[in-house]
**Q** 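Handing you a structure now.
We count ligands from 1, going down the list as the structure has it; atoms in each ligand are counted the same way.
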Amino acid sequence: ELGDYRHFMEKEIFEQPAALENAMRGRFAEDGSTALFGGLNLTPAELRQVDRLVFLGCGTAWHACLVAEHLIERFARVPVEVDYASEFRYRNTPLDRDTLFFVMSQSGETIDTLGALREAKRKGFKVLAINNTVGSSIARESDGGIYQHVGPEIGVASTKAFTSQLLLGAIIALYIARMRDMSFNDGVEYVKAVKSAPALVRRVLEQAPRIREIAKRYAHYKDMLFLGRLSLFPIALEGALKLKEISYIHAEGYPAAEMKHGPIALVSPECPAVFFAPRGEIFNKLVSSIQEIKARHGKTIVITTEGCELPPGVADEIIYLPDCHEAVLPVVATIPVQLLSYYIAVERGCDVDKPRNLAKSVTVE
Ligand code: M6R
C-alpha cells in the first residue's frame, strides 16, 4: 500500500492534490459562482436566518476551524466563534437563538467532539459535521454535513484531512458569502481560485527536495517557533503541532506581532523561527517582526510569496509559495510546514506514522 513511499504520512502529504480534487468534486453550482452542499439539510432561506456560527473541533481540526472563522468573517461577514470541543462541552456558553453549529472531525469518533455535538443538540441547536468517515458516530448524530472524501488517513499526524478541511471551510465561506454581500463576479473569481488549489499544492510539493535539505540543517534543535498572522496564524499553530507530534521537538505557534509581548525572550541562536510572510497588506509589518528575531540572532526560515523581495540578511532560508487568492493561501502555506516536520522527524529517526503516546483517534476524554 505504501508504494514508493517510506511512511503513510509521506504518501498522504504527496496525495494532497488528488485528495483536494476529491474533496471539492461536485461542490460547485453550474453558474460557476457559488457552492453546492446538498447534505446540509438547510434551505438557503434557513441559512440566511443564521446570524452566528460556532465551530468546534480538537487538535488539527481546531486549527481548521480557526481558518474557517477567518474566511467566513472576511468574505461572508457573519460572526464566527471557535472553541475547543473539549472546553465547549463543559463551559455552558451563553448562545444566541439563531446560531448554527459546525463540528469538524476527520475520524468522526473523537469523544470530546461527539460530547460537544450532543451538548449543542441538547440545547436545541442544529449541528452540522465536517467529517471524513462515512457512517461515523459524529456523522450519524449530526443534523447534516459535508464529507471530506479524502479516503482513510493512516498517519497519526493529520495532513490530507487537514488541508481538505481548510478547503471545505473556504467553500462554506463562499456559499454563505454569495447569499449575502459577495457579487457574482467575485464568486466566479473565488471558485476559480479554489479550483486551482491542487495545482498550487503540486507546485509546493515540487520543492520537497529543497525543503528536505533545509530540514537536515534544523533537525538537531530542541525548540522552534512558528509565527504567522491572520489566516496563517492557525497554520503556524499547525506547523508547531506537526513538529511536536512526530519529531518531539518543542515547538510553539504564535501570532507574529505578539512576540514582543513575551515570547521574544525565547529567541536565541538555539531557537529558530519559521515565519509566514506572504504578499499582502501587512507584508512590511511581517518583515519588521522577522528583523526583530534576526536582531536577537535567531535563525529564520521564511515562507513567502514568489516575487516578494525580502531585505538582505533577514532570512537564513527562504521557501516560496505561488501567488494565490486568500481563500486558498492557508492550504498552500500548510505544505512546507508538513514537509519540514516530516523530514526533520525522519532525520531524527522517529517513528513518523506512530508517534509515541498518540492514537489516531482519541476516543477517551
Ligand atoms: O479525528 P479528529 O479530526 O476529530 O481528530 C482530532 C485530533 O485528535 C487530531 O487532529 C490530532 O490533533 C492529530 N493527531 C493532529 O495531527
**Q** Identify whether the distance between the nearest side-chain nitrogen and carboxylate oxygen of Arg178 and Asp186 falls below 4.0 Å.
**A**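 Salt bridge between Arg178 and Asp186, a charged N being under 4.0 Å from a carboxylate O: no.
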**Q** Does any donor atom in the side chain of Asn131 or Ser136 lie under 3.5 Å from an acceptor atom in the other side chain?
**A**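 Present: a donor and an acceptor within the cut-off.
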**Q** Distance under 4.0 Å to a non-hydrogen atom of Cys58: what atoms of ligand 1 satisfy this?
**A**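 Contacts of ligand 1 toward Cys58, numbered from 1: 6 (C), 7 (C), 10 (O).
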**Q** Before accepting this row, confirm whether a basic side-chain N of the pair Arg118/Glu141 lies closer than 4.0 Å to the acidic partner's carboxylate O.
**A**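 Salt bridge between Arg118 and Glu141, a charged N being under 4.0 Å from a carboxylate O: yes.
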**Q** Is Asp181 salt-bridged to Arg77, going by a charged N under 4.0 Å from an acidic O?
**A**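 A salt bridge is absent here (no side-chain N lies under 4.0 Å from a carboxylate O).
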**Q** Measure the distance from atom 3 (O) of ligand 1 to every protein heavy atom, then report the residue, atom name and distance (to 0.1 Å) of the closest one.
**A**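 Here the closest protein heavy atom is Gln106 N, 2.6 Å.
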**Q** Run the numbers for me: atoms of ligand 1, each under 4.0 Å from some heavy atom of Ala157, listed by number.
**A**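 In order of number, 16 (O).
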**Q** For Val156, take its heavy atoms, then give the atoms of ligand 1 lying under 4.0 Å from any of them.
**A**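 Atoms satisfying the 4.0 Å criterion: 13 (C), 14 (N), 16 (O).
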**Q** Under 4.0 Å from a heavy atom of Lys242: which atoms of ligand 1 are those, numbered in the order shown and with their elements?
**A**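 Once the distances to Lys242 are compared, the set is 15 (C), 16 (O).
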**Q** To the nearest 0.1 Å, how far is atom 11 (C) of ligand 1 from its closest protein heavy atom, and which atom is that?
**A**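 That would be Thr60 N, 4.1 Å.
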**Q** Kindly check if the number of other-residue, nucleotide or ligand heavy atoms within 6.0 Å of OH (Tyr320) is above 12?
**A**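 For Tyr320, atom OH is not crowded (no more than 12 foreign heavy atoms under 6.0 Å).
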**Q** Distance to 0.1 Å, residue and atom name: give those for the protein heavy atom nearest to atom 5 (O) of ligand 1.
**A**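 The closest heavy atom on the protein side is Thr110 OG1, 3.5 Å.
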**Q** Closer than 4.0 angstrom: is that true for some heavy atom of Ser361 and an atom of ligand 1?
**A**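 No heavy atom of Ser361 comes that close to ligand 1.
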**Q** Can you list the atoms of ligand 1 that are under 4.0 Å from a heavy atom of Gly59?
**A**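 So the answer, numbered in order with elements, is 12 (O).
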**Q** Taking 4.0 angstrom as the limit, do Lys123 and Glu119 come out as a salt bridge?
**A**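 So Lys123 pairs with Glu119 through a salt bridge.
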**Q** Among protein heavy atoms, which sits nearest to atom 1 (O) of ligand 1, and what does the distance come to when rounded to 0.1 Å?
**A**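 Sorting protein heavy atoms by distance from atom 1 (O) of ligand 1 puts Ser107 OG, 2.6 Å first.
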**Q** Please state which protein non-hydrogen atom is closest to atom 14 (N) of ligand 1 and give its distance, to 0.1 Å?
**A**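 The protein heavy atom lying closest is Glu245 OE2, 2.6 Å.
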**Q** Quick one: does Glu109 get a heavy atom under 4.0 Å from ligand 1?
**A**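 In this structure, Glu109 fails to qualify as a contact of ligand 1 - no heavy atom is under 4.0 Å.
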**Q** What part of Lys360, side chain from CB on, backbone N/CA/C/O, both or neither, has a heavy atom under 4.0 Å from ligand 1?
**A**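 It is neither; nothing of Lys360 touches ligand 1.
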**Q** Walk me through it: do Thr300 and Glu317 pass the test side-chain hydrogen bond (donor to acceptor under 3.5 Å, both in side chains)?
**A** CA-CA 6 Å; Thr300 54; Glu317 320 284 348; over 6 Å; no
**Q** Between Arg210 and Glu213, does any side-chain N to carboxylate O distance fall below 4.0 Å?
**A**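 Salt bridge absent between Arg210 and Glu213.
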**Q** In terms of side-chain geometry, is the basic nitrogen of Glu347 or Arg212 positioned less than 4.0 Å from the acidic oxygen of its partner?
**A**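 Salt bridge flag = no for Arg212 with Glu347.
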**Q** Quick one: nearest non-hydrogen protein atom to atom 8 (O) of ligand 1, plus distance?
**A**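 Looking only at protein heavy atoms, the one closest to atom 8 (O) of ligand 1 is Val362 CG2, 4.0 Å.
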**Q** Taking only heavy atoms of Ser105 into account, list the atoms of ligand 1 that are under 4.0 Å away from them.
**A**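 It comes down to these atoms of ligand 1: 1 (O), 2 (P), 3 (O), 4 (O).
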**Q** Given Leu200, which partner from the list Val328, Leu329, Leu205 fulfils the side chain to side chain contact (heavy atoms under 4.5 Å, CB included) test?
**A**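 Only match with Leu200 under side chain to side chain contact (heavy atoms under 4.5 Å, CB included): Val328.
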